[in-house]
> 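What follows is a single structure, and I will ask about it in a moment.
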Amino acid sequence: MTHLIDGKAYAEHLRSDIAQRVARLKAEHNITPGLAVILVGDNPASEVYVRNKKTQTVQVGMNSFDHHLPTSTSQADLLALIETLNADSAVHGILVQLPLPSHIAERSVLEAISPAKDVDGFHVVNVGKLATSQPDALVSCTPLGCLMLLNHYYSSLVPHPSTLAGKHAVIIGRSNIVGKPMAQLLLNQNCTVTICHSRTHNIESITRGADILIAAVGKPEMVKADWVKDGAVVIDVGINRVTPTLPSSASGGGLGRGLVGDVDFADVAPKASAITPVPGGVGPMTIACLLRNTLQAACAIHGVAFEH
Ligand code: GUN
């Protein structure tokens, strides 16, 4: 029987643990973690993400500071706001929602965020800390969420709990947000790691060797059953909005499917030992990990021990 990895339930569990730790930080140290989110422009998908971040930040007892700027905002004005937030002692985490309008240089903006408040883990200091296995690194939220789901799955196996050590993990996708930090996290867990991407030759022959297969490319249902080894653990990071043009009877029931992953779930699930659904798999873990990173940053800034 294939195990369905329930990211929604695990994210709820994580948020309730964070809420308890936030309450303790307030009671024992009089510190309330604060997360500032900057949204430039009016990308509808970004507006939904930012709204969800705000709601969940407040739900775990943290302060939420929102800055919604017009598309026409200059890079200089955005950098000035980041400087103000870097210096604001009520703010422990700063997140600039991506993508930014094309007249703003993304790298310059990400490098302007204080590494201590970089709860997205995109600053080169945090990327370097992750690459050198330093425990105080702030780590990109989506791959961190994937790692938590994997560790939870393997450690809960009955009757023989297991670990990630020695497993061959294959990642499809080499983005700075997911693929590359995912590889570093899995290396730190003693996996053997392969990264595949759009220029990889004979990709299926590589993915078929994976004990753990992570798809993070943004191509709807690209991964099929014959890409996957029997009993593999499959993590689907893709969130693709599909808008079928054919009526449901002609498109095989495709109409109204809404979100699909990078993995063809119906095809792959019977072969996998465990798999994340879309929606309800990796997606809910991202904001939960953002809140966890904000708590970690607040603890580090105030010299309070943080339990990983
Ligand atoms: N846009 C899509 N994913 C992300 C993310 O993880 N962080 C930020 N800041 N923007 C995003």
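Hydrogens, waters and symmetry mates play no part in the numbers below; they use all other heavy atoms, side chains included. On a predicted model such as this, the values are computed, not experimentally measured, just so you know. One-based numbering, in listed order, for ligands and for the atoms of each.
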> Would you mind finding which of T286, L290, L98 brings a heavy atom closest to atom 2 (C) of ligand 1?
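The nearest heavy atom belongs to L98.
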> Among pairs that include at least one residue of residues 63-92, which meet ring-ring contact (aromatic ring centres under 6.0 Å, His included), considering only residues two or more places apart or in two chains?
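Of all non-adjacent pairs touching residues 63-92, those that pass ring-ring contact (aromatic ring centres under 6.0 Å, His included) are H92-H302.
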> Restricting to ring pair (Phe, Tyr, Trp, His ring centres under 6.0 Å), what partner residues turn up for Y10, sequence neighbours left out?
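Expected list: H13, H152.
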> May I ask you to identify the nearest protein heavy atom to atom 3 (N) of ligand 1, giving residue, atom name and distance to one decimal place in Å?
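Going atom by atom, the protein heavy atom closest to atom 3 (N) of ligand 1 ends up being I177 CD1, 4.4 Å.
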> Charged N to carboxylate O under 4.0 angstrom, D264 versus K224?
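A salt bridge links D264 with K224.
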> Give a yes/no on ligand 1: does T142 have at least one heavy atom closer than 4.0 angstrom to it?
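Contact check T142 vs ligand 1: negative.
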> Using heavy atoms and a 4.0 Å limit, tell me yes or no: is F122 in contact with ligand 1?
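So F122 counts as touching ligand 1.
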> Is there a side-chain contact (heavy atoms from CB on, under 4.5 Å) between V125 and D118? Walk through the geometry before answering.
CA-CA 9 Å; V125 165; D118 169 37; over 6 Å; no
> Taking only heavy atoms of V96 into account, list the atoms of ligand 1 that are under 4.0 Å away from them.
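The atoms of ligand 1 under 4.0 Å from a heavy atom of V96 are 8 (C), 9 (N).
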> Find out whether T163 and S155 are in side-chain contact, i.e. whether some heavy atom of one side chain is under 4.5 Å from a heavy atom of the other.
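T163 vs S155: side chains apart.
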> What protein heavy atom is closest to atom 11 (C) of ligand 1, reported as residue, atom name and distance in Å?
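Heavy-atom neighbour on the protein nearest atom 11 (C) of ligand 1: Q97 NE2, 3.5 Å.
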> With a cut-off of under 6.0 Å to the ring centre and 45° to the axis, is R292 in cation-pi contact with F306?
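Cation-pi check for R292 and F306: fails.
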> Suppose we measure from atom 6 (O) of ligand 1 to each protein heavy atom; which comes out shortest, and what is that distance?
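Heavy-atom neighbour on the protein nearest atom 6 (O) of ligand 1: D120 OD1, 3.8 Å.
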> So for ligand 1, is P99 a polar contact partner (N or O within less than 3.5 Å, distance only)?
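Looking only at distances, the answer is no, because the N/O contact criterion of under 3.5 Å is not met.
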> At a 4.0 Å threshold, what atoms of ligand 1 neighbour a non-hydrogen atom of L95?
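Counting atoms of ligand 1 from 1, those under 4.0 Å from L95 are 9 (N).
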> Could you check whether any side-chain N or O of S140 sits under 3.5 Å from a backbone N or O of P143, counting only pairs where one atom can act as donor and the other as acceptor?
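Answer holds: no.
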